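Have a look at the structure below, then the notes.
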Amino acid sequence: MHQCYYCEQLFESKEELFEHVEIHSDIERNKEIMSRKKQAGKKS
């Protein structure tokens, strides 16, 4: 068994886990981009 360290969901294979974790990394990346845009907007 493999467990997602973001949401603790369990997966049978590493392949399934990696595909799932990509979703989280995309969400995290998008949050980071949005927060940077907000900060840039506040400065100007």
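Because the structure is predicted, anything quoted here is derived from the model rather than measured. Just so it is clear, the values below take in all heavy atoms, side chains as well, and ignore hydrogens, waters and symmetry mates. Note that the numbering runs from 1 along the sequence shown for the chain.
- When the side-chain contact (heavy atoms from CB on, under 4.5 Å) test is applied to S13, the partners found at least two apart in sequence or on another chain are E15, E16.
- When the shell of 6.0 Å around CE of M34 is examined, it contains 12 or fewer heavy atoms from other residues, nucleotides or ligands.
- Under the ring-ring contact (aromatic ring centres under 6.0 Å, His included) criterion, F18 pairs with no residue, sequence neighbours left out.
- The other members of the hydrophobic cluster of I23, by chain and number, are I27 (side-chain heavy atoms under 4.5 Å, ILVMFWY only).
- Listed by chain and number, the residues in a side-chain contact (heavy atoms from CB on, under 4.5 Å) with R29 are S25, D26, I33 (sequence neighbours excluded).
- Counting only heavy atoms from C-beta outward, the side chains of Q3 and Q9 never approach each other to under 4.5 Å.
- Here F11 sits in one hydrophobic cluster together with Y5, Y6, L17, V21; the rule is ILVMFWY side chains under 4.5 Å apart, joined directly or through other members.
- Not counting sequence neighbours, E12 has no partner by the side-chain hydrogen bond (donor to acceptor under 3.5 Å, both in side chains) test.
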